[in-house]
Amino acid sequence: MNSSDHTQWAEYLGGPERNHYSSLAQINVSNVAKLQIAWEYRSGDSGQVQCNPIIVNGVLFGVTASNQVFALDAATGNEKWKYTQPGEGTSNVNRGVTYWEADGDKRILYAYSSFLCALNAETGQPVKSFGDNGKVSLSAGLEPNAKERFVGSTTPGTLFNDLIIMPLRVGEGEGAAIGYIQAFNVKTGKLAWIFKTIPDAGEKGASTWPSYIKSNGDVGGVNNWAGMAVDREREIIYIPTGSPAFDFYGGNRLGDNLYANCLLALNVRTGKYIWHYQMVHHDVWDRDLPAPPNLLTVTHHGEKIDAVAQVTKNGFVFLFDRENGKPLFPIEEKNFPKSDMPGEVVSNTQPVPAIPKPFARQQLNEGDISTFAENRSELLASFKKAKKGMYQPLGFMPTVVLPGADGGAEWGGAAADPDGILYVNSNEMPWLFSLSKTVSVAQQSNLTAGNLLYNNTCITCHGASLKGNPASGYPSLVNIKERVGRKVISNLITSGRGMMPGFSNMSTAQKQSIIDFLFHEEKIEAPSGKTKNAVPEFAGPYKFDGYNKFLDNNGYPAITPPWGTLTAIDLNTGKHLWQKTLGEFKELSAKGISPTGTENYGGPIVTAGGLLFIAATKDGMFRAFDKKTGKLLWETELPAAGFATPSTYQINGKQYIVIACGGTKLGTKKGDSYMAFSL
């Protein structure tokens, strides 16, 4: 497999550099307006699909909404095979698969539930010699307690020779698994090396945690979930890490918490440490690094430098020398507010790049509250009462967090071209975060077992009244009995769905108790005071009050547009070249309001034809822009929103662009299509 052959799209996001770039130029600025549908593949499995498909030797490999893996003839869209894992299935999102080939052995590796699985790329059948009949546990190299905790993966692994280094998704509350970096042998499935993202006592970085951090077992996270980039020539893998869990209070993990919120450079053969840079100290805002870094070459002080760029949820771009981690632009440690929460000690400073300037807003004032919101006075009152400002520690009073929980930059990541230009799409959605005191065991003793379990696992997203917060993406559970059966809910609790984690450690009896509570079928008896079965093993002094978007009464962001943007940044100089709104609400445009931009999920691709292609927006459009100017050159409406990163490839002299259209997210309609376009 030659990843530099751009007639193919042989790896996630186009190659090991994760630059979303193709040297194909048949489709270009002069003819892109003539694009037409080449083929449509309907998987029959509708729902959220975030897959960036890969194309190798004329075959397209992708996944469906429930993680069925398939292979298509990439010229026609005709299905060659589809594989469904035995059992109940899983609804966790999966952003793609990894292709490996050696000596005629061709494999597809992908994550399913808590396993890394291997399929024969030609037949779609499990490779029995890999691990246990084709799968290995993603908990293999983690702490022993991880086997009872949620562990999965949403992003394809990164290849180096016969190794695959796997991203991990773990829980975000107390008692989450610790997400060590693990490399597996592609042929056998055996664990090859581990890098401990929370160091053991005596190791580098251990002094940034309390000495008891692992023995207590209440702190986890510090995982790479977003994916990685690899410089195969230098044998260095670049790994962005997430925040420690619990995400929003760190009184039990005082210190800077290495290697959380870091860009890590490791020897890809051995997992040995080379360098790191921490972008958030002692994170209590869930500012995990959201996307793979970009490996690109820039001209700095007249010298060509191989660099690594990392985008963040805050809207920053950090740029480093790839070999030694030296920042190429100044970064200042700036002072930020202290916490008023008992037991919490946040870092006095946080790193802020001097250039490039942020690609997303980070501050708001009263003039930024939406001028066309019908309830503007109410929004102003809420804004005035809230704590504001970047790195404002959470407390009992709501804090406005901007960019919100999903960025700024998000998992779609940035594209980069050979000229050192970075292209990044961004959200500008404000969120309201707060904490409240954890309900004591004594106060919980009068509740039923199902109610207790619901309060300890579900209430943050779905609310005490079960009404959820649909505007923020959390569905109502009211009258769920009339819509969904017990078996489906039981499977969802175990495996999760979309970005909801699974609770694989929950017993059958506990799941039954939650379902009884949701269905109003619990047997109510006099309280016994015995709550041990329902009270979580780990419960800190404070709980998070939920992911609440700051919206007006019509469900639009409470701030003035833009609400979604697309920005081109010259990383040779650090200057922005252009910024455009991305997406529109057609009903607002019809009222004479200029396109506002929308929330967007999934990244862009750029081509030697001078084009940038991106779907990602809530409005369900697929667009092509002139990469030099940001001018919109072409757009078409997809059958369902494309919350994914497209791919491009060439077969028999014809260039194609393909995008997964699963919709579902942000309340959009469901779809099951992969759409390919050509001239």
Side-chain angles (χ1 to χ4, degrees), residues 92-95 111-116 136-158 163-184 191-200 203 205-206 208-209 213-214 216-229 237-248 250 252-253 256-266 271 273 276 278-280 282-283 286-293 310 313 411 496 499-505 538:
N92 276 326
V93 293
N94 194 331
R95 292 175 186 131
Y112 184 89
S113 186
S114 58
F115 298 96
L116 172 63
V136 295
S137 171
L138 288 168
S139 300
L142 306 186
E143 295 293 321
N145 59 23
K147 292 177 174 57
E148 287 78 46
R149 303 179 185 190
F150 173 70
V151 175
S153 180
T154 53
T155 306
T158 297
L163 298 179
I164 183 167
I165 301 87
M166 285 302 298
L168 284 187
R169 185 160 176 242
V170 297
E172 299 188 20
E174 290 93 348
I178 304 173
Y180 295 157
I181 312 302
Q182 302 173 100
F184 296 87
L191 196 63
W193 56 255
I194 307 162
F195 180 85
K196 295 189 175 183
T197 51
I198 298 181
D200 285 338
E203 293 181 341
T208 65
W209 299 89
I213 198 65
K214 291 189 180 178
N216 277 16
D218 56 345
V219 173
V222 198
N223 53 311
N224 166 269
W225 59 267
M228 315 161 191
I237 189 163
Y238 301 89
I239 304 171
T241 60
S243 52
F246 175 46
D247 286 347
F248 301 107
N252 59 341
R253 53 175 172 87
D256 279 355
N257 303 152
L258 291 176
Y259 294 94
N261 306 86
C262 286
L263 183 61
L264 274 169
L266 305 180
Y273 171 92
H276 81 276
Q278 188 176 50
M279 296 173 196
V280 184
H282 188 80
D283 183 10
D286 191 21
R287 300 323 249 177
D288 36 6
L289 300 184
Q310 179 67 55
K313 285 184 177 180
W411 52 262
M499 296 313 294
M500 168 188 157
F503 297 93
S504 52
N505 60 328
F538 304 105

- Got Pro292 and Trp411 here, is their nearest side-chain heavy-atom distance under 4.5 Å? no
- Within the side chain of Arg169, is there an N or O that forms a donor-acceptor pair under 3.5 Å with the backbone of Val151? no
- Note on the structure: Heavy-atom closest pair (Gln278 atom, Asp256 atom, distance to 0.1 Å) is NE2-O, 2.9 Å
- Which pair of non-hydrogen atoms, one from Ala176 and one from Ala245, has the smallest distance, and what is that distance? CB-CB, 3.9 Å
- Query: By ring pair (Phe, Tyr, Trp, His ring centres under 6.0 Å), which residues pair with Phe115, not counting sequence neighbours?
  - Reply: none
- Search all heavy atoms of Lys147 against all heavy atoms of Ser139 and return the closest pair with its distance. NZ-O, 4.0 Å
- Do any N or O atoms from the side chain of Asn261 and from the backbone of Arg287 form a donor-acceptor pair under 3.5 angstrom? yes
- Tyr273 and Phe195 aromatic ring geometry - parallel, tilted or perpendicular at 30°/60° bounds: parallel
- Less than 4.5 Å apart, any side-chain heavy atom of Lys214 and any of Ile198? yes
- Message: Restricting to non-hydrogen atoms, name the atom on Ala291 and the atom on Pro240 that form the minimum distance, rounded to 0.1 Å.
- Response: O-CG, 3.5 Å
- Without swapping roles, check the side chain of Gln182 against the backbone of Gly141 for a donor-acceptor pair under 3.5 Å. yes
- Task: With sequence neighbours excluded, tell me which residues meet side chain to side chain contact (heavy atoms under 4.5 Å, CB included) with Asn223.
- Result: Val170, Trp225
- Answer yes or no: is there a donor N or O on one side and an acceptor on the other, between the side chain of Gln310 and the main chain of Ile239, under 3.5 Å? no
- Task: Evaluate the side-chain proximity of Ile178 to Thr197: yes if any heavy-atom separation is below 4.5 Å, no if none is.
- Result: yes
- Using the test side chain to side chain donor-acceptor pair (under 3.5 Å), find all partners of Asn257 that sit at least two apart in sequence or belong to another chain. Arg253, His282
- Task: Apply side chain to side chain contact (heavy atoms under 4.5 Å, CB included) to Phe246 and Glu172, showing your working.
- Result: CA-CA 5 Å; Phe246 175 46; Glu172 299 188 20; over 6 Å; no
- Query: Is a side-chain donor or acceptor of Thr241 paired with a backbone partner of Tyr259 at a separation under 3.5 angstrom?
  - Reply: yes
- Query: Are any side-chain N or O atoms of Ser153 and backbone N or O atoms of Pro167, one a donor and one an acceptor, separated by less than 3.5 Å?
  - Reply: yes
- Message: Side chains of Tyr238 and Pro293, heavy atoms from C-beta outward: is any pair under 4.5 Å?
- Response: yes
- Query: Which heavy atom in Leu289 sits nearest to a heavy atom in Ala226, and how many Å separate them?
  - Reply: O-CB, 3.8 Å
- Close side-chain approach of Phe184 to Ile165, heavy-atom, < 4.5 Å: no
- Do Asn94 side-chain atoms and Ala111 backbone N/O form a donor-acceptor pair below 3.5 Å? yes
- For Glu143, enumerate each residue passing the side chain to side chain donor-acceptor pair (under 3.5 Å) test, keeping only those at least two apart in sequence or located in another chain. Tyr180
- If we ignore angles and hydrogens, is there a donor and acceptor under 3.5 Å between the side chains of Asp218 and Asn252? yes
- What's the shortest heavy-atom distance between Ala192 and Leu163, and which atoms? CB-CD2, 3.5 Å
- Item | Contacts of Asp286 that satisfy salt bridge (charged side-chain N to carboxylate O under 4.0 Å, His left out) - sequence neighbours left out | Lys313
- Message: Which residues pass the side chain to side chain donor-acceptor pair (under 3.5 Å) test with Glu174, not counting sequence neighbours?
- Response: none
- Message: For a 4.5 angstrom cut-off between non-hydrogen side-chain atoms, does Leu168 reach Asn224?
- Response: no
- Query: Is there side-chain contact between Pro156 and Arg95, with at least one heavy-atom pair below 4.5 Å?
  - Reply: yes
- N/O donor-acceptor pair under 3.5 Å between Lys196 side chain and Leu142 backbone: no
